[in-house]
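Some notes on the structure that comes next.
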Amino acid sequence: MTWSRRTPRRPRRPLLDAGFDVSTAVVDVSSRESVTDLAQRAAAHGPIVGVIHAAGVSPSQASPDTILRVDLYGTALVLEVFGELIAPGGSGVVIASQSGHRLPALTTEEDEALAMTPTDELLDLPLLADVSDPLHAYQVSKRANALRVKAAAVTWGERGARNNCISPGIIITPLARDELTGPRGEGYRAMLEGCPVGRAGTPDEVATVGELLMSPAGAFITGSDILMDGGVTASWFYGPLRP
């Protein structure tokens with residue numbers, strides 16, 4: 001028998017290797033203490049001029065309770081805490097999901113509650129009391145993300161900063177692979193086949209939109225939710241994906 005010794009793979013450090021000064025932290029976005037600590041650490045490095053929030057779990061990865069705590073409450077918490085520190089001229093982007101656009105319409109009162117309820121009271125909203133399906137929890141959370149961004153754009157604007165939301169479709173990431181190979185995989189594959197573009201998206205394509213929103217080129221855009229899903233939602237309402 002021949003034994004070989006494999007050389008340990010060096011950790012990927014693309015930003016460090018590109019010459020950037022990088023500081024990392026492990027954060028629980030469902031914890032006010034953890035998010036506040038991150039914000040304070042960031043502020044210690046200088047004015048906070050950019051915030052990109054992409055943390056979240058999917059229906060195949062977590063229970064309804066965890067999805068609501070991470071995707072809904074966690075996003076509201078990040079918007080609140082960093083909204084108190086964002087510098088003039090700064091910009092924020094929240095990564096939500098196409099799923100929020102396929103949730104049936106809520107009442108005006110429910111929309112306002114998701115947008116305006118104080119962060120620490122969000123999970124006690126009556127409309128969340130009966131959420132027992134992980135997909136429903138995910139859809140409500142992503143609808144809430146867009147609504148919270150719209151409301152936060154007003155308070156961020158008082159500090160001279162902007163804030164927007166991107167709702168991507170199926171983007172090839174570890175999360176998407178979990179969904180494509182999970183219990184809802186057949187439905188996700190059908191979305192790819194039935195959407196006008198006929199494929200999944202890439203992280204670089206989302207980054208292109210994020211770059212616009214974060215840069216001076218997007219200076220007139222705030223409080224907006226940009227749906228970029230290859231036409232899945234269009235096909236869901238008006239095409240072959242229609243239920």
Side-chain angles (χ1 to χ4, degrees), residues 12-25 27 29 35 38-39 42 45-58 70-72 74-83 85-101 138 141-157 159-177 179 195 197 199-234:
R12 294 187 63 194
R13 307 180 306 171
L15 292 176
L16 282 171
D17 292 342
F20 291 94
D21 185 13
V22 177
S23 176
T24 63
V27 182
V29 296
V35 173
L38 173 67
H45 289 280
I48 299 175
V49 296
V51 179
I52 300 176
H53 174 63
V57 290
S58 74
V70 173
D71 293 32
L72 191 155
T75 298
L77 189 57
V78 168
L79 288 169
E80 175 194 329
V81 172
F82 279 90
L85 296 172
I86 190 73
S91 181
V93 169
V94 167
I95 305 298
S97 168
Q98 62 175 350
S99 282
H101 289 261
Y138 189 74
S141 296
K142 297 309 178 180
R143 175 72 62 81
N145 291 169
L147 292 167
R148 299 297 290 197
V149 162
K150 186 179 293 187
V154 178
T155 54
W156 283 45
R159 297 181 60 87
R162 298 182 296 108
N163 191 24
N164 289 288
C165 182
I166 301 175
S167 290
I170 300 173
I171 307 298
I172 298 304
T173 63
L175 184 149
R177 286 195 292 271
E179 290 300 320
C195 74
V197 171
R199 64 170 176 85
T202 68
D204 285 351
E205 289 172 314
V206 179
T208 297
V209 178
E211 181 182 16
L212 167 66
L213 297 176
M214 297 290 287
S215 75
F220 198 58
I221 308 172
T222 192
S224 296
D225 174 28
I226 297 180
L227 174 65
M228 52 173 304
D229 65 353
V232 167
T233 300

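All of these numbers come straight from a predicted model, not from anything done at the bench.
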Heavy-atom closest pair, residues [X] and [Y]:
{"X": "S91", "Y": "M214", "value": "O-CE, 3.4 Å"}
{"X": "C165", "Y": "A96", "value": "SG-CB, 3.5 Å"}
{"X": "V93", "Y": "G210", "value": "CG2-O, 4.5 Å"}
{"X": "V29", "Y": "H53", "value": "CG1-CE1, 4.0 Å"}
{"X": "I166", "Y": "V209", "value": "CD1-CG1, 3.9 Å"}
{"X": "A39", "Y": "I48", "value": "O-CD1, 3.8 Å"}

[X] side chain vs [Y] backbone, donor-acceptor pair below 3.5 Å:
{"X": "R162", "Y": "T222", "value": "no"}
{"X": "W156", "Y": "L79", "value": "yes"}
{"X": "N164", "Y": "S224", "value": "yes"}
{"X": "N145", "Y": "D71", "value": "yes"}

Going by side chain to side chain donor-acceptor pair (under 3.5 Å), D225 matches just one of H101, K150, K142. Which one?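 Testing D225 for a side chain to side chain donor-acceptor pair (under 3.5 Å) against H101, K150, K142 leaves exactly one candidate, H101.
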What distance separates [X] [atom1] from [Y] [atom2], expressed to the nearest 0.5 Å?
{"X": "I172", "Y": "D204", "atom1": "CD1", "atom2": "CG", "result": "13.0 Å"}
{"X": "I95", "Y": "I171", "atom1": "CD1", "atom2": "CD1", "result": "9.5 Å"}
{"X": "L77", "Y": "F82", "atom1": "CG", "atom2": "CZ", "result": "9.5 Å"}
{"X": "L147", "Y": "T75", "atom1": "CG", "atom2": "OG1", "result": "12.0 Å"}
{"X": "S215", "Y": "L213", "atom1": "OG", "atom2": "CG", "result": "8.0 Å"}
{"X": "I226", "Y": "I221", "atom1": "CD1", "atom2": "CD1", "result": "5.5 Å"}

May I have the step-by-step check of side-chain contact (heavy atoms from CB on, under 4.5 Å) for Q98 and I170, ending in yes or no? CA-CA 8 Å; Q98 62 175 350; I170 300 173; 3.8 Å; yes
CD (E211) with more than 12 external heavy atoms under 6.0 Å: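 Open: at most 12 neighbouring heavy atoms sit under 6.0 Å from CD of E211.
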